[in-house]
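Every chain is numbered from 1 and lettered A, B, ... according to where its sequence line falls, protein lines coming before strand lines. All values derive from a computational prediction rather than experimental measurement.
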There are 2 protein chains.
Amino acid sequence: MDKREQLLAAATKLFVERGFHATPTSAISKEAGVSAGILFHYFKTKDDLITDLYVDLKKEYTNVILKDIDKLTSDVSKIRLIWSNSWNWGLENPIKFQFLLQADNSIYSESIKNHPEIIAKYHLFGEIIQGYIDNKVITNIDIYFLMQSMFALITSIIKHLTLNPALKNDQAFIEKAWELFYNYLKP
Amino acid sequence: MDKREQLLAAATKLFVERGFHATPTSAISKEAGVSAGILFHYFKTKDDLITDLYVDLKKEYTNVILKDIDKLTSDVSKIRLIWSNSWNWGLENPIKFQFLLQADNSIYSESIKNHPEIIAKYHLFGEIIQGYIDNKVITNIDIYFLMQSMFALITSIIKHLTLNPALKNDQAFIEKAWELFYNYLKP
DNA sequence: TTTTTAATTGACTAATCAGTCAACAAAAGT
DNA sequence: ACTTTTGTTGACTGATTAGTCAATTAAAAA
């Protein structure tokens with residue numbers, strides 16, 4: 001019954017349904033079932049709410065991506081787990097993922113660039129990718145370009161599977177999608 | 001001195017700079033150097049302005065993509081021209097492209113889905129891709145998934161080149177990026 | 001030329017919204 | 001028990017905004 005969490009969940013839903021511009025704070029507090037004033041107790045301004053939510057969800061997403069990779073030994077199987085962890089989260093959290101896409105392509109993406117925890121996560125990924133390049137399982141090109149491409153490809157899988165949910169269990173499609181993904185990366 | 005065009009240009013700029021929610025129609029007409037009322041002469045509502053602009057720019061972008069491909073003979077060189085036409089437009093029109101990204105990931109993306117001209121363009125691309133699949137120069141997988149992936153990869157190139165403008169003339173990088181792109185597509 | 005139609009203005013308004021605040025309630029600290 | 005801090009409410013407000021409209025000008029048609 002954490003009201004801050006209720007507000008963030010309500011905000012995620014409404015921002016995705018209506019967009020930032022058509023979602024008044026009054027609608028958020030109403031959807032969350034709390035008073036109008038309490039929103040400004042937890043978040044100084046509406047923009048603060050948006051950036052806090054953005055950072056929260058980005059952290060949640062990036063934390064999932066590396067789940068269980070230390071249980072695997074081969075580099076390629078690790079890359080594959082990063083790949084499937086990523087799109088699985090997107091499929092299991094479609095509203096949260098849609099919010100992240102919306103925020104990533106909005107003016108709010110600027111406000112997250114300086115956030116220390118996000119920067120740290122970015123660096124961590126960069127180092128992991130660089131390791132795979134050094135081990136010659138990923139082709140040698142700018143790691144930031146690689147990360148951006150990888151995220152873009154994973155996003156297109158999530159969009160396609162969200163539109164065609166039956167494909168989630170279509171092993172042939174998943175294998176083929178993985179094949180294309182790794183063909184992009186391999187040296 | 002077409003006022004409708006002036007309004008659309010001003011709107012593109014301001015929406016990218018401030019976002020939909022923080023761009024009042026008064027700011028758009030001011031930026032365009034016209035009266036406040038005329039905006040509602042050309043566009044019934046602010047939402048109409050946004051969707052009209054979205055459709056206009058999507059058409060402009062998609063029209064460029066196929067430029068000059070009939071001057072080429074081999075399928076692979078055609079795919080490469082589609083690829084470079086795409087990211088060149090994004091680099092030459094960064095604000096327009098950023099607006100398209102923003103709109104594509106916002107609630108307004110719904111309002112474009114039923115637009116006949118956009119649907120027609122989508123079908124045309126689908127048929128072209130299907131032709132390449134039939135000719136065995138592109139791997140056989142759902143064409144809508146392929147189109148989404150291709151657009152995603154091209155977007156990541158545009159983002160990376162916009163962030164690192166010097167790379168535009170770095171022939172080694174461009175070649176390498178093309179190599180990865182076609183590795184993704186080829187059978 | 002005269003009439004009709006379309007473009008353009010900017011002051012105006014009704015509605016909406018982000019954020020405040022005084023009051024109260026609950027918890028935590030002493 | 002009592003004091004302080006923290007959480008919570010909802011009515012309120014000043015500012016802003018989308019959209020209107022009567023009036024004016026320009027263009028096109030008759």
Separation of dA11(C) atom P from Lys30(B) atom NZ, nearest Å, is 13 Å
Which parts of residues 16-27 of chain B get close to DNA chain C, meaning a heavy atom less than 4.0 angstrom away?
none
Once base and sugar-phosphate atoms are separated, protein heavy atoms under 4.0 Å mark nucleotides 9-15 of chain D, 5' to 3', with B, S and - as BB-----
Spacing of Phe40(A) atom CZ relative to dA22(C) atom C1', expressed in whole Å:
17 Å
Taking only Lys NZ, Arg NE, NH1 and NH2, and the carboxylate oxygens of Asp or Glu, determine whether Asp70(B) and Lys78(B) approach each other closer than 4.0 Å.
no
Starting at atom CZ of Phe43(A), determine the distance to atom P of dT20(C), rounded to an integer number of angstrom.
15 Å
Would you kindly give the CD-to-C1' distance between Gln6(A) and dT8(D), to the nearest whole Å?
12 Å
Just call it for Tyr42(B): base, sugar-phosphate, or nothing, with non-hydrogen atoms closer than 4.0 Å on any strand.
sugar-phosphate
What distance do Ile38(B) atom CD1 and Arg4(B) atom CZ have between them, rounded to the nearest 0.5 Å?
12.0 Å
For Glu5(A) and dT8(D), what is the distance between atoms CD and P respectively, to the nearest whole Å?
13 Å
Heavy atoms from other residues, nucleotides or ligands near CD1 of Ile119(B) exceed 12 (cutoff 6.0 Å):
yes
Check the angle between the aromatic planes of Phe20(A) and Phe99(A) and answer parallel, tilted or perpendicular using the 30° and 60° thresholds.
perpendicular
In terms of ring plane angle, is the pair Trp178(B) and Tyr182(B) parallel, tilted or perpendicular, where the classes change at 30° and 60°?
parallel
Distance-minimising heavy-atom pair for Arg18(B) and Pro24(B):
NH1-CD, 4.1 Å
Could you tell me whether Tyr108(B) and His21(A) have their ring centroids closer than 6.0 angstrom?
yes
Taking the inter-plane angle between the rings of Trp89(A) and Phe97(A) on a 0 to 90° scale, is it parallel (under 30°), tilted (30 to 60°) or perpendicular (over 60°)?
perpendicular
Going by heavy atoms closer than 4.0 Å, what residues in residues 45-52 of chain B are next to DNA chain D?
Thr45(B), Lys46(B)
Charged N to carboxylate O under 4.0 angstrom, Lys121(B) versus Glu117(B)?
no
Do the rings of Phe145(B) and His160(A) sit parallel, tilted or perpendicular, given the 30° and 60° boundaries?
tilted
Carefully, step by step, assess Tyr184(A) and Ser149(A) under the rule side chain to side chain donor-acceptor pair (under 3.5 Å).
CA-CA 9 Å; Tyr184(A) 184 85; Ser149(A) 310; 3.0 Å; yes
